[in-house]
Participant: 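Got a structure for you, written out below as structure tokens; questions coming shortly.
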Amino acid sequence: MPPRPRPRPETHLRALGRCPGRPREDRARRSMRPLTGLASPQGRIVVSLSPSLGSRERYLQRFASRPRSVVVQPDGFCNVACTYCYLPEKDRRASMTTEVSRAIAQSIADLATEDEPMDLVWHAGEPLALGTSRFSELANPFEGLRREGRLHHYVQTNGTLISDRWCEFFAEREVRVGVSIDGPASFNAERVDRRGRPIFDRIIRGVARLHQHGIGFSVIAVVTADNIGRPEELLDFFAELGCHTVGLNIEENEGANTVRPAPTFEAAAEFWARTIAWTRSNPGLIVREIDRLGAYLRALRVGGGWQDVLIDPIPTISSAGDVVLLSPELAGIKAPEYQDFQAGNVLELSIRDMLANAHLFRYVDEFLTGLDACEATCEYFGFCRGAQAGNRFFENGRFDTTETNYCRVSRQALLLALSDTVREETAP
């Protein structure tokens, strides 16, 4: 997944309590107003907007006017069948056309500069399932931007298809690689192929090829209720694996993953406390969440900087060119009340034009209302920034709500673990 948005600082750190607030009723009613149409340059209705919703100024107080990352789904198909996967259409092949990739490149050319290059993240499905020849065709329209230093390629892969040819491609195009693996073999029970067979050994072979070609890589791991009690074993494995960074995603109920048990707040707090202790003894591996927490605390000490970082709208583009905003996990989700979260299609509108109207989309307006409520009521807001949009929808059914389980286990529990660690170390 692309990096989570960085939060603005708060003036003090308290690690007790939860978010009690809910949005005011008048704000909730405002998001239900009728919609009107936005036409493409060709005159066809692309998506409905509501000019009576929030102001552009309100949107720009929270969101960056241009994205730092664009997530691209070259094909929704995945060659494996992880049991916790959130993708709703991972069984269907629908490869992106070069017409769509050219349109994306044109949109990015309108936004990216050498001083502010764009991260293009190939994700959502298994990008390597396309093969190097087809993937090269889709990547070719971005070559001018890459060579000018205006774009960086990232790919998130399950690792099973990494070959020598793929490694050569990564080197040629300067692709930054992320591998999805959940730890040692016993932690990867949910990562299976379409016949239900474990894929761990195939992932390890792919990682070995990366090492053979001198290609550095990061890791994203899903922490489930079954393995959350074993953080040291998990982190020791990643240190030995040789990745430079690991992101620890505590399992979430989202998208197609709605029935599996989620880890509890108490288990998460214990997990983060032990993870903090491990990182202090093992500084060679960057743990994304601990690194982010450290950056937040450093900003508090110097009294500035964090508050200037705005939320990335993260345009996520399907293989057909359809764009959703705020959360990649919303891509492909059917929600008629939100028009399936569509902001437009790159064959009809530029990303810049879609973002110029983002404040008029009902789900974006609701999310802004939810952020206002979080900031007004939650003592964690300076760090958490009000949770992720996708988690609000999947857990609460709307975007103008406040606390989610994602908040509790990935943000609140992390701060509580830090507070407890400091308390224990300073106790007489």
Participant: Please examine the side chains of F383 and R292, heavy atoms only from C-beta on, and report whether any two atoms are closer than 4.5 Å.
Facilitator: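 Heavy-atom side-chain distance check passes, below 4.5 Å.
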
Participant: Taking the cut-offs as 6.0 angstrom to the six-membered ring centre and 45 degrees off its axis, would you call R93 and F77 a cation-pi pair?
Facilitator: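 Flagged: R93 positioned over aromatic ring of F77.
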
Participant: Does the pair R58/D365 count as a salt bridge with the N-to-O cut at 4.0 Å?
Facilitator: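 D365 and R58: salt-bridged.
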
Participant: Both conditions, 6.0 Å and 45 degrees, for the charged tip of R362 above the ring of F367: are they met here?
Facilitator: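 R362 over F367 ring: no.
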
Participant: Can you confirm whether C167 sits close enough to L210 that some side-chain heavy atom of one is under 4.5 Å from a side-chain heavy atom of the other?
Facilitator: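 Counting from C-beta outward, C167 and L210 do come under 4.5 Å.
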
Participant: Centroid-to-centroid, F399 to F341, below 6.0 Å?
Facilitator: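 For F399 and F341, the ring centres are under 6.0 Å apart.
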
Participant: Are any of the side-chain nitrogens in D119 or R176 under 4.0 Å away from the carboxylate oxygens of its partner?
Facilitator: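 Here D119 does not pair with R176 in a salt bridge, since their nearest N and O are not under 4.0 Å apart.
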
Participant: Ring centroid separation for H211 and F217, is it under 6.0 angstrom?
Facilitator: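 They qualify: ring centres under 6.0 Å apart.
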
Participant: May I ask you to say whether D193 pairs ionically with R195, meaning some side-chain N is under 4.0 Å from a carboxylate O?
Facilitator: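 Between R195 and D193 there is no salt bridge, as every charged N stays at least 4.0 Å from the carboxylate O atoms.
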
Participant: Please step through side chain to side chain donor-acceptor pair (under 3.5 Å) for the pair N79 and E126, ending with a clear verdict.
Facilitator: CA-CA 7 Å; N79 64 311; E126 175 48 50; over 6 Å; no

Participant: State, to 0.1 Å, how close V71 and P328 come at their nearest heavy-atom pair, and which atoms those are.
Facilitator: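 Closest approach of V71 to P328: CG2-CG, 4.1 Å.
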
Participant: Against W272, only a single residue in L293, I228, L248, L418 fulfils side chain to side chain contact (heavy atoms under 4.5 Å, CB included); can you say which?
Facilitator: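 The single option meeting the side chain to side chain contact (heavy atoms under 4.5 Å, CB included) with W272 is L248.
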
Participant: Identify whether the distance between the nearest side-chain nitrogen and carboxylate oxygen of E143 and R173 falls below 4.0 Å.
Facilitator: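 Result for this pair is yes, salt bridge flagged.
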
Participant: Decide, yes or no, whether a salt bridge links E375 with R62 under the criterion of side-chain N to carboxylate O below 4.0 Å.
Facilitator: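 The answer is yes: the pair qualifies as a salt bridge.
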
Participant: Indicate the ring-plane relationship of Y338 and F393, choosing parallel, tilted or perpendicular according to the 30° and 60° boundaries.
Facilitator: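 Judged by the thresholds at 30° and 60°, the geometry between Y338 and F393 is perpendicular.
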
Participant: If the test is side chain to side chain contact (heavy atoms under 4.5 Å, CB included), which one of Q412, R392, R411 qualifies with Y406?
Facilitator: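 Of all the options given, the one that passes is R411.
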
Participant: What I want to find out is whether E172 reaches R146 closely enough, with some N-O distance under 4.0 Å, to be called a salt bridge.
Facilitator: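 Salt bridge absent between E172 and R146.
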
Participant: Heavy atoms, side chains only, cut-off 4.5 Å: are H152 and Y154 in contact?
Facilitator: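 Side-chain contact under 4.5 Å: yes.
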
Participant: What class does the angle between the rings of F135 and F169 fall in, given that below 30° is parallel, 30 to 60° is tilted and above 60° is perpendicular?
Facilitator: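 F135 vs F169 ring planes: perpendicular.
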
